[in-house]
Peer 1: 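Got a structure for you, questions after.
Every number for a ligand or one of its atoms is a count from 1 in the order of the listing.
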Amino acid sequence: MSLSRRHFLASGLASAAVWPLLGSVRAAQFDADPFALGVASGSPTAQSVVLWTRLIFADSEPSAADAFSFAPAPQYPPMDVAWEIAEDEGFAHVVQSGIATAREELAHSVHVQVVGLLPERWYFYRFRCGQALSPVGRTRTAPADGADNARFSLALAACQQFEQGWYAAYRDMAGRDLDLVVHLGDYIYEKSYGAQHVRSHGTGAPSLLFEYRDRYALYKSDPDLQAAHAAFPWLFTWDDHEVVDNYGGDASPTDRHAPSFLKRRAAAYQAWYEHMPVPPLAVPDFNDLRIYGNHRFGNLLDITLVDARQYRDPAPEAPQPAELGRYTMLGAEQEAWFDQTMAQGAARWSIIGQPTLLSSRDLELGPGTRFSDDGWDHYRSGRDRLLDSVRKAERSNPLVIGGDLHAWYAADVHAADGALVASEFVTGSITSNPPARAAFEAVMVENPHIRFGDASRHGYSVMRLSPDQARVELIAVSDRKDPDASAAKFQEFAVLDGMPGVNRV
Ligand SMILES: [Fe+2]
């Protein structure tokens with residue numbers, strides 16, 4: 001279908017007459033646009049999709065001073081938010097509508113799981129609160145289970161440090177023909193990092209709930225990021241910077257006192273939930289937030305997204321080579337779930353999403369080896385178990401996707417016995433600073449299974465699947481520091497059905 005993004009984003013201002021009458025709308029007037037963080041959708045199935053927004057109020061965010069005073073922070077009452085979903089961007093054919101209540105306890109976020117939709121369809125949605133109308137978002141349901149769908153396109157995104165660049169990559173993404181976006185982590189950064197910033201966080205590293213909320217609100221205020229959310233449904237996993245650099249499980253390198261770190265982690269997880277189009281929680285408990293899952297898209301593909309942060313064994317304080325590989329990245333429960341999930345699927349392409357590079361990566365130039373203690377090399381028995389699950393299930397065409405490294409990598413994934421079992425694509429950073437040049441060059445020299453690498457650009461990737469091949473396009477912006485940057489494909493790969501391994505096109 002041909003569609004003008006600008007047109008449908010603007011059309012939300014029209015036709016308020018079709019809305020149901022709201023019985024108990026409070027706060028019909030707003031000083032500023034309560035939908036200034038935009039709209040989003042996610043977790044598509046063949047029958048359902050999650051719609052998201054968050055109301056914000058001009059003076060609703062408590063200041064840092066409030067955290068240390070006994071004065072109550074500004075409180076806003078629960079608000080009724082009407083939603084509707086239609087077949088057309090003009091909302092002439094509304095298929096469902098309803099009212100959700102946005103509450104202070106969850107930052108007036110709205111998570112609506114709309115069920116009873118038709119598979120493989122575009123839908124348009126919007127929200128209303130009082131007299132305020134949200135922008136219009138577009139979303140798409142998954143193909144039906146068992147459907148012989150022949151084409152599917154998804155974008156891969158990761159690592160979008162707000163200060164280090166503009167989101168031209170998302171502006172470009174929003175205009176493309178895609179079915180889905182998968183975000184592989186580092187949606188926010190807790191710290192500034194680096195120099196030559198194009199914009200500022202304005203505040204230091206968050207540790208309290210309102211501080212994490214403010215950080216998400218800042219990132220989500222970006223119009224290009226909003227456009228990419230409004231154009232497609234998204235799926236997510238997270239990496240470390242959503243909480244704090246290099247944390248693992250219940251410990252962070254800078255805060256090894258578990259109780260205080262766990263409080264901070266729960267605040268970060270809550271703010272993540274409040275800002276992501278993920279399914280509503282029946283009983284919110286942010287001490288333990290399950291985000292891993294398997295998502296089916298007909299017979300062509302399924303996407304298994306793991307959580308590699310919440311359940312991992314923390315890295316030891318000092319390097320302990322003898323113990324390398326004893327640790328778990330996913331935790332026993334998620335590993336068992338992964339094993340079962342692999343055994344149950346039979347899609348032609350098995351996409352496995354995790355936040356970083358699954359393949360081994362020796363960082364030491366010349367003789368000897370050195371590995372990151374934050375990556376899978378530190379958890380290599382966990383990697384072996386993961387790949388064993390994939391092989392045992394005889395999954396056809398496993399494609400591993402990841403982010404984290406601020407460089408694009410295309411790799412042949414080998415099991416512990418050396419067999420080539422999968423193909424891997426790590427997407428570059430949307431904006432975040434590249435690794436040191438010497439370190440990147442050492443990786444390319446020392447690791448022949450990493451068939452391609454590029455740490456000189458920023459952008460995203462597009463994966464186009466058909467029954468006979470997967471194509472992966474790497475798309476870079478002309479200059480991450482230029483708000484008007486253009487974007488273009490600079491490299492393309494193919495993986496052929498039944499033949500693991502990456503091929504340059
Ligand atoms: Fe990152």
Peer 1: At distances under 2.8 Å, what protein N, O or S atoms surround the Fe ion (ligand 1)?
Peer 2: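 Listed by chain and number: C159 SG, D186 OD2, Y189 OH, H406 NE2.
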
Peer 1: Is the F162 ring parallel, tilted or perpendicular to the H201 ring (thresholds 30°, 60°)?
Peer 2: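 If you compare the ring of F162 with that of H201, the planes turn out parallel.
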
Peer 1: Between W272 and F236, how do the two ring planes meet: parallel, tilted or perpendicular, split at 30° and 60°?
Peer 2: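 Perpendicular, since the angle between the ring planes exceeds 60°.
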
Peer 1: Tell me whether the centres of the aromatic rings in Y269 and W238 are closer together than 6.0 Å.
Peer 2: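 Ring-ring flag for Y269/W238: true, centres closer than 6.0 Å.
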
Peer 1: Among W408, Y409, F493, exactly one meets ring pair (Phe, Tyr, Trp, His ring centres under 6.0 Å) together with F452. Which residue is that?
Peer 2: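 Result: among W408, Y409, F493, F493 is the only option passing the ring pair (Phe, Tyr, Trp, His ring centres under 6.0 Å) with F452.
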
Peer 1: Using the six-membered ring wherever Trp is involved, compare the ring planes of W234 and H183 and label them parallel, tilted or perpendicular (cut-offs 30° and 60°).
Peer 2: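 Aromatic pair W234/H183 classed parallel.
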
Peer 1: Is R457 close enough and on-axis enough to F490, meaning under 6.0 Å and within 45°, for cation-pi?
Peer 2: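 Output yes; distance and angle both within limits.
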
